[in-house]
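This structure is a prediction, so every number in the text was calculated from the model and none was measured. Ligands are counted one by one from 1 in listed order, and the atoms in each one are counted from 1 as well.
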Amino acid sequence: MNIQFEEATLSSSYSLLGSGFGSEELDQDLDPEDSSPSSSRPRILLMGLRRSGKSSIQKVVFHKMSPNETLFLESTNKIYKDDISSSSFVNFQIWDFPGQVDFFDPTFDSEMIFKGTGALIFVIDAQDDYMEALGRLHLTVSRAYKVNPHINFEVFIHKVDGLSDEHKIETQRDVHQRANDDLADAGLEKLHLSFYLTSIYDHSIFEAFSKVVQKLIPQLPVLENLLNIFISHSGIEKAFLFDVVSKIYIATDSSPVDMQSYELCCDMIDVVVDVSCIYGLMEDGGGCAYDSESLAIIKLNNTTVLYLKEVTRFLALVCILREESFERKGLIDYNFHCFRKAIHEVFEVGSLFEGSVWRPTSSSGIKQKELLNGF
Ligand SMILES: Nc1nc2c(ncn2[C@@H]2O[C@H](COP(=O)(O)OP(=O)(O)OP(=O)(O)O)[C@@H](O)[C@H]2O)c(=O)[nH]1
């Protein structure tokens with residue numbers, strides 16, 4: 001099998017940037033010598049059996065495709081490289097693999113593929129018999145682990161929208177048990193798998209992707225700390241730092257995340273971007289739907305306020321607070337100003353990282369500065 005790449009650059013396909021859909025694709029042979037900046041960006045691999053839902057996940061999370069449209073997606077028959085770095089905070093590539101990829105094929109260069117990988121997401125269709133998928137999971141992760149033990153191995157138990165709550169928990173327990181038993185039998189106890197219940201029909205896929213991405217951000221503890229300080233001094237109940245394009249949250253304060261709050265904040269981003277796309281652009285369609293002026297306040301009928309503010313050209317802070325705390329808006333805005341400044345300092349502002357080329361390091365496998373886009 002001759003493995004080929006399809007490459008798409010999100011900047012040309014994401015409607016937030018005002019250019020509409022119609023992704024630019026280019027075919028390219030799998031070339032280990034290819035040293036273009038895009039090929040050396042850290043990777044997140046999407047693997048799993050045919051029709052498990054890999055392309056749907058990628059399209060829904062990064063290309064704003066509606067879940068129903070994924071019914072018409074064609075089977076992927078070559079590796080699809082999606083470079084999201086030009087419109088997203090996190091400077092990585094998503095590689096969507098065809099379901100039938102054969103590791104024993106001599107053209108499958110596992111060294112080249114797994115060396116530069118930050119996370120490998122293995123998608124299992126929970127609505128189907130998953131025994132074959134478990135065998136494939138074992139083969140895939142053990143192969144990848146041999147090449148690069150620093151990869152984060154993430155298992156999405158996917159399409160759980162068709163399962164009852166009880167069935168979900170039972171499936172997760174069973175998959176967890178069997179996958180870890182297989183690893184123990186092979187003497188691979190050190191290989192750690194993380195499990196997530198996901199569906200493209202609700203926010204679970206965004207939440208799971210957020211956690212996958214957060215593990216690749218070395219500054220996460222600093223960001224969490226900044227958010228903790230910010231909310232405790234401003235009377236805010238919960239704050240999320242969002243990547244606007246994907247609605248992945250890069251960080252949140254250390255109080256537990258409840259799904260409803262996360263969904264509310266995601267919906268707020270959609271509202272802001274959609275309204276801005278309709279009424280915020282110039283008459284000739286120029287300008288950007290999300291920029292340094294972006295700001296929104298939504299008061300709910302249960303005395304809760306949602307407050308969104310721009311942090312960088314890719315990031316937004318979305319806060320949930322009580323109406324009485326919002327009376328001290330001046331204080332919140334001042335604290336936000338300090339928070340924003342600190343975030344810029346953490347990532348040493350812009351140009352330093354612009355166009356940087358990623359190289360794996362021996363310790364973590366990921367060089368932190370180059371994982372993150374400039375502001
Ligand atoms: N019910 C449900 N269906 C899903 C979900 N995600 C994907 N699907 C459906 O699963 C089918 C297969 O999805 P694809 O994304 O094409 O699967 P794939 O893994 O990329 O398939 P290959 O390209 O053949 O490897 C499509 O009809 C999707 O609509 C989900 O979360 N829930």
Side-chain angles (χ1 to χ4, degrees), residues 1-8 10 13 21 23 25 27 30 43-82 84 93-103 105 107-108 113 119-137 139-141 143-144 153-165 167-172 175 195-212 246-248 259 262-263 266:
M1 182 179 65
N2 184 19
I3 301 172
Q4 287 189 312
F5 288 150
E6 264 179 57
E7 185 166 22
L10 195 58
S13 63
F21 277 90
S23 68
E25 291 175 8
D27 283 353
L30 184 62
R43 280 166 223 145
I44 295 185
L45 308 185
L46 274 168
M47 294 181 138
L49 294 186
R50 264 176 195 275
R51 312 303 288 159
S52 54
K54 304 176 290 297
S55 310
S56 310
I57 294 173
Q58 187 226 349
K59 297 283 183 202
V60 169
V61 176
F62 295 103
H63 293 270
K64 275 202 145 199
M65 183 178 271
S66 87
N68 289 329
E69 280 178 70
T70 64
L71 289 168
F72 310 107
L73 280 177
E74 282 182 17
S75 204
T76 316
N77 50 24
K78 49 188 158 189
I79 300 174
Y80 181 83
K81 282 205 290 179
D82 190 7
I84 60 161
Q93 280 192 337
I94 312 263
W95 286 16
D96 180 8
F97 280 71
Q100 75 284 9
V101 66
D102 177 5
F103 293 116
D105 190 300
T107 60
F108 185 87
I113 288 174
L120 189 159
I121 299 174
F122 194 92
V123 184
I124 295 179
D125 182 348
Q127 291 187 13
D128 202 8
D129 174 21
Y130 48 76
M131 287 309 153
E132 191 191 343
L134 283 172
R136 195 74 194 170
L137 166 70
L139 185 70
T140 309
V141 297
R143 183 93 186 225
F153 294 102
E154 320 280 2
V155 182
F156 285 6
I157 303 168
H158 192 53
K159 305 192 190 177
V160 292
D161 46 275
L163 273 50
S164 66
D165 283 350
H167 197 170
K168 276 185 204 171
I169 310 277
E170 178 51 29
T171 308
Q172 180 166 17
V175 169
F195 297 87
Y196 309 81
L197 292 167
T198 56
S199 164
I200 52 168
Y201 287 96
D202 58 33
H203 289 79
S204 57
I205 193 63
F206 295 94
E207 236 231 318
F209 235 103
S210 301
K211 294 196 171 137
V212 169
S246 60
K247 288 183 285 171
I248 281 175
M259 203 56 178
Y262 174 62
E263 287 177 17
C266 283

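The ligand atoms of ligand 1 that sit less than 4.0 angstrom from a heavy atom of Ser199 are 31 (O). Interface atoms of ligand 1 facing Gln127, defined by a heavy-atom separation under 4.0 Å, are 1 (N). Within ligand 1, counting atoms from 1 as listed, the ones closer than 4.0 Å to a heavy atom of Leu71 are 27 (O), 29 (O).
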Next item on the list: Verify side-chain contact (heavy atoms from CB on, under 4.5 Å) between Phe156 and Ile205, making sure each step is shown before the conclusion.
Entry: CA-CA 9 Å; Phe156 285 6; Ile205 193 63; 3.7 Å; yes
Margin query: Run Arg136 and Phe122 through side-chain contact (heavy atoms from CB on, under 4.5 Å) and show every step you take.
Written below: CA-CA 9 Å; Arg136 195 74 194 170; Phe122 194 92; 3.8 Å; yes
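The nearest heavy-atom contact from the protein to atom 14 (P) of ligand 1 is Ser56 OG, 3.4 Å. At the top of the distance list for atom 21 (O) of ligand 1, counting protein heavy atoms only, stands Arg51 N, 3.0 Å. With respect to atom 23 (O) of ligand 1, the closest heavy atom belonging to the protein is Thr76 N, 2.6 Å. For atom 3 (N) of ligand 1, the nearest protein heavy atom (residue, atom name, distance) is Lys159 CD, 3.7 Å. Closest protein heavy atom to atom 17 (O) of ligand 1: Gly53 N, 3.1 Å.
Compare Thr70, Asn68, Leu163, Leu49 by their heavy atoms: the one nearest to atom 26 (C) of ligand 1 is in Thr70. For atom 18 (P) of ligand 1, the nearest non-hydrogen atom from the set His158, Met47, Arg50, Lys54 belongs to Lys54. Looking at Gly162, Gly48, Ser75, it is Ser75 that brings a heavy atom closest to atom 22 (P) of ligand 1.
Only the side chain of Asp161 comes within 4.0 Å of ligand 1, judged by heavy-atom distances. With a 4.0 Å heavy-atom cut-off, ligand 1 is reached by no atom of Lys59.
Remark: Phe206 engages no residue in a ring-ring contact (aromatic ring centres under 6.0 Å, His included) (not counting sequence neighbours).
A pairwise comparison of heavy atoms in Ser204 and Ser199 identifies OG-N, 2.9 Å as the closest pair. Of all the heavy atoms in Lys54 and Arg51, the pair that sits closest is NZ-N, 4.5 Å. Looking at every heavy atom in both residues, Val60 comes nearest to Pro67 through CG2-CA, 4.2 Å.
Annotation: the span from Glu263 atom CD to His203 atom NE2 amounts to 5.0 Å, rounded to 0.5 Å. Atom CD of Glu132 is separated from atom CG of Leu49 by 5.0 Å, given to the nearest 0.5 angstrom.
Ligand 1 has no nitrogen or oxygen under 3.5 angstrom from a nitrogen or oxygen of Asp96. Any N or O atom pair closer than 3.5 Å counts here, and Thr198 shares no such pair with ligand 1. At least one N/O-N/O distance between Ile200 and ligand 1 falls below 3.5 Å. Taking only nitrogen or oxygen atoms, main chain and side chain alike, Tyr201 does not reach within less than 3.5 Å of ligand 1. Inclusion of Pro67 in the set of residues having an N or O under 3.5 Å from an N or O of ligand 1 is not warranted.
Applying the salt bridge (Lys or Arg N to Asp or Glu O under 4.0 Å) test to pairs two or more places apart or on separate chains, those with a residue in residues 119-130 are Asp125-Lys159.
Between the side chains of Asn68 and Ser66, no donor-acceptor pair of N or O atoms lies under 3.5 Å.
At least one side-chain heavy atom of Gln127 sits less than 4.5 Å from a side-chain heavy atom of Asp161.
Under a 4.0 angstrom heavy-atom cut-off, Gln58 registers as lying outside contact with ligand 1. The closest approach between a heavy atom of Ser52 and any atom of ligand 1 is below 4.0 Å.
A distance-only check finds a donor-acceptor pair linking the side chain of Arg43 to the backbone of Ile113 [under 3.5 Å].
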